[in-house]
Number of protein chains: 2
Amino acid sequence: MNVMNDSPRRKELTRQAAQLFVQEGFDRTTVRMLAQEMGIKSGSLFHHFRDKQEILAAVIEAGTQNALVIARAALESCDHTPEARLQAMARAHLETLLTDRNAHVVALYEWRRLEPEARDHLSHLRDAYEALWEAVIDEALEAGLIHGDRFLVSRFVMGALNWTVRWYDPAGPRSPDDLAHELVAMITQRPA
Amino acid sequence: MNVMNDSPRRKELTRQAAQLFVQEGFDRTTVRMLAQEMGIKSGSLFHHFRDKQEILAAVIEAGTQNALVIARAALESCDHTPEARLQAMARAHLETLLTDRNAHVVALYEWRRLEPEARDHLSHLRDAYEALWEAVIDEALEAGLIHGDRFLVSRFVMGALNWTVRWYDPAGPRSPDDLAHELVAMITQRPA
DNA sequence: GGGTCAACCAAGCAAGCGCTAGTGTAAATC
DNA sequence: GATTTACACTAGCGCTTGCTTGGTTGACCC
């Protein structure tokens, strides 16, 4: 067995698993379906992952780590005004939906299928991502760019953004940048 | 078999099913678990519902219908200003989460588990609910209370509200009315 | 008091589930 | 040249799944 490394092979398998998890949902996806998608037999799958749970954890970890990297990069390369930072975060969030949609959808909708140990480990990653958001929102509040309860505002914004996976079509006319603009405009009440 | 009526017994069973679907997720909930929760044997369950799918459809239908009724009532009994109507819709939405949380969570998170026929039927109900929202948002836009793209604004608002099921604690210090106020304040940029 | 009917039960079937055991094999390592 | 390692295979075990079957119960009706 070869579990818990991060070989390129495993990364690719994880990517394919994410696709199936989105299409079918974690519970409906069988190890036989996963194996077929990966071009191997179901038994061989357990050479790469200890069990089905570990595949789910790998998918979610990859997705969250990716989001974190993109968000940090966005914050570093943008202007240091509260408005620019708010917008950079929103655009980064939407861009991860373009580049890594499957892993993200899984992280959002199959989180509860994680067993407690995996959940504990991954929740730290997720907290790190949400902390970025709360910091940016704090700055915007202090600068008077937006108003209201810190806790509520950040959750409303996260909700609006996370909900995009339900309706946003990357092939459509709107770019992530458009959406980010519009969202920031909405909560800061300035023309887009 | 007794399928597709709406006896009080079936209503109660549907309510109990919703609870389990929320706790475990649809796929993980077995007919044996459902039967136990209902205080009957698994075979008896199929006297009330044709199959497991129909239970899911019944839960979602009940939840959506409930939301529609509450929203319509809220709109009829509030002031006819765009701001009051916006707030009434938001509060109504959050109140359905208090009175009928389980059915709502199922409607949101197990929608994709519906088979196509059931989905077609139920999407009409959901469209009717969303149409209420879009009408209210249109009025707010026309009145200049909020700005931006009609499509995007309504989706951002729906996202912020639907996301509340993930974090909102009805036993906490914030009432649905508080949240509705705060949300409307955020998008209209007036003090809460 | 025979007939009806919703509601329930015990038993179990066929299919599918996650996962394991044991083996083959080509490439890398010693 | 021998050994190890990585990756794949076949075969199937033990169990659970959604659902069916055939039958019982008790309340109500004419």
Side-chain angles (χ1 to χ4, degrees), chain A residues 1-60 106 110 112-119, chain B residues 1-60 106 110 112-119:
Chain A
M1 218 179 296
N2 187 22
V3 295
M4 273 306 186
N5 67 4
D6 37 326
S7 62
R9 180 89 175 109
R10 186 171 144 130
K11 281 219 169 106
E12 171 61 14
L13 296 181
T14 301
R15 212 188 48 79
Q16 290 175 318
Q19 163 111 12
L20 259 181
F21 286 162
V22 170
Q23 254 175 55
E24 307 288 331
F26 175 71
D27 290 321
R28 275 183 139 88
T29 304
T30 70
V31 293
R32 286 165 180 81
M33 291 162 68
L34 287 165
Q36 191 176 21
E37 182 85 4
M38 297 166 177
I40 57 180
K41 300 294 174 181
S42 71
S44 312
L45 203 154
F46 294 92
H47 173 73
H48 302 277
F49 303 92
R50 191 176 340 114
D51 51 25
K52 195 186 164 190
Q53 261 289 311
E54 202 185 74
I55 309 180
L56 177 60
V59 168
I60 293 184
V106 172
E110 308 289 351
R112 304 187 43 222
R113 299 289 155 291
L114 285 172
E115 278 165 13
E117 322 125 47
R119 185 150 45 197
Chain B
M1 220 178 299
N2 188 18
V3 295
M4 274 305 186
N5 66 3
D6 37 326
S7 62
R9 182 82 177 114
R10 184 170 148 135
K11 278 212 170 114
E12 173 59 14
L13 296 180
T14 302
R15 211 187 49 78
Q16 290 175 318
Q19 162 112 11
L20 259 182
F21 286 162
V22 170
Q23 253 176 56
E24 306 288 332
F26 176 70
D27 289 322
R28 276 190 138 96
T29 305
T30 69
V31 292
R32 285 166 181 79
M33 291 162 67
L34 286 165
Q36 192 176 18
E37 181 85 6
M38 297 168 179
I40 57 178
K41 300 294 173 181
S42 70
S44 314
L45 204 154
F46 294 92
H47 172 74
H48 301 278
F49 302 93
R50 193 177 337 115
D51 51 27
K52 196 186 164 190
Q53 261 290 311
E54 202 185 76
I55 308 180
L56 177 60
V59 168
I60 294 184
V106 172
E110 308 290 351
R112 306 188 38 225
R113 300 283 132 350
L114 285 171
E115 278 164 11
E117 322 125 45
R119 185 150 44 199

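Just so you know, these numbers use all the heavy atoms, side chains as well, and skip hydrogens, waters and symmetry mates. In the text below, chain A, chain B and the rest are named by the order of the sequence lines, each starting its count at 1.
Remark: P of dC17(C) and CG of D27(B) are 12 Å apart, rounded to the nearest angstrom. F49(A) has its CZ atom 15 Å from the P atom of dG18(C), to the nearest Å. For the pair F46(A) CZ and dC17(C) C1', the computed distance is 10 Å after rounding to whole Å. If you take CD1 of I55(A) and C1' of dG18(C), they are 11 Å apart, rounded to a whole angstrom. The distance between atom CD of E24(B) and atom P of dG18(D), rounded to the nearest whole Å, is 12 Å. Atom CD of E54(A) and atom P of dG18(C) are 16 Å apart (whole Å). Distance, R10(A) CZ to dA8(D) P: 14 Å, rounded to whole Å. Atom CG of L45(A) and atom C1' of dT20(C) are 13 Å apart (whole Å).
Contact between the side-chain N/O atoms of H47(B) and the OP1/OP2 oxygens of dA6(C) is not found at any separation under 4.0 Å. Residue R9(A) has a polar side-chain atom (N or O) positioned under 4.0 Å from OP1 or OP2 of dA8(D). In terms of phosphate contacts, H48(B) brings no side-chain nitrogen or oxygen within less than 4.0 Å of OP1 or OP2 of dA6(C).
Ion pairing of E12(A) with R9(A) is absent here, as no side-chain N (NZ or NE/NH1/NH2) approaches a carboxylate O to less than 4.0 Å.
Interatomic distance, F26(B) CZ to I55(B) CD1, rounded to the nearest 0.5 Å: 7.5 Å. Note: L34(A) CG to T29(A) OG1 = 6.0 Å, rounded to the nearest 0.5 Å.
Across all strands shown, K41(A) has heavy atoms under 4.0 Å from base atoms, whether or not it also approaches the sugar-phosphate. At the heavy-atom level, S44(A) lies under 4.0 Å from base atoms of the strands shown.
If you find the closest nucleotide of DNA chain C to R28(A) and to G43(A), the one lying nearer the 5' end belongs to R28(A).
Between L13(A) and F49(A) the shortest side-chain heavy-atom distance falls below 4.5 Å.
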task = Please lay out, stage by stage, how M33(B) and R28(B) fare under the test side chain to side chain contact (heavy atoms under 4.5 Å, CB included).
result = CA-CA 9 Å; M33(B) 291 162 67; R28(B) 276 190 138 96; over 6 Å; no
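One can find a donor-acceptor pair under 3.5 Å joining the base of dG18(C) and the side-chain atoms of R32(A).
Between dC9(D), dC19(C), dC19(D), one nucleotide has an atom nearer to the side chain of I40(A) than all others, and that is dC9(D).
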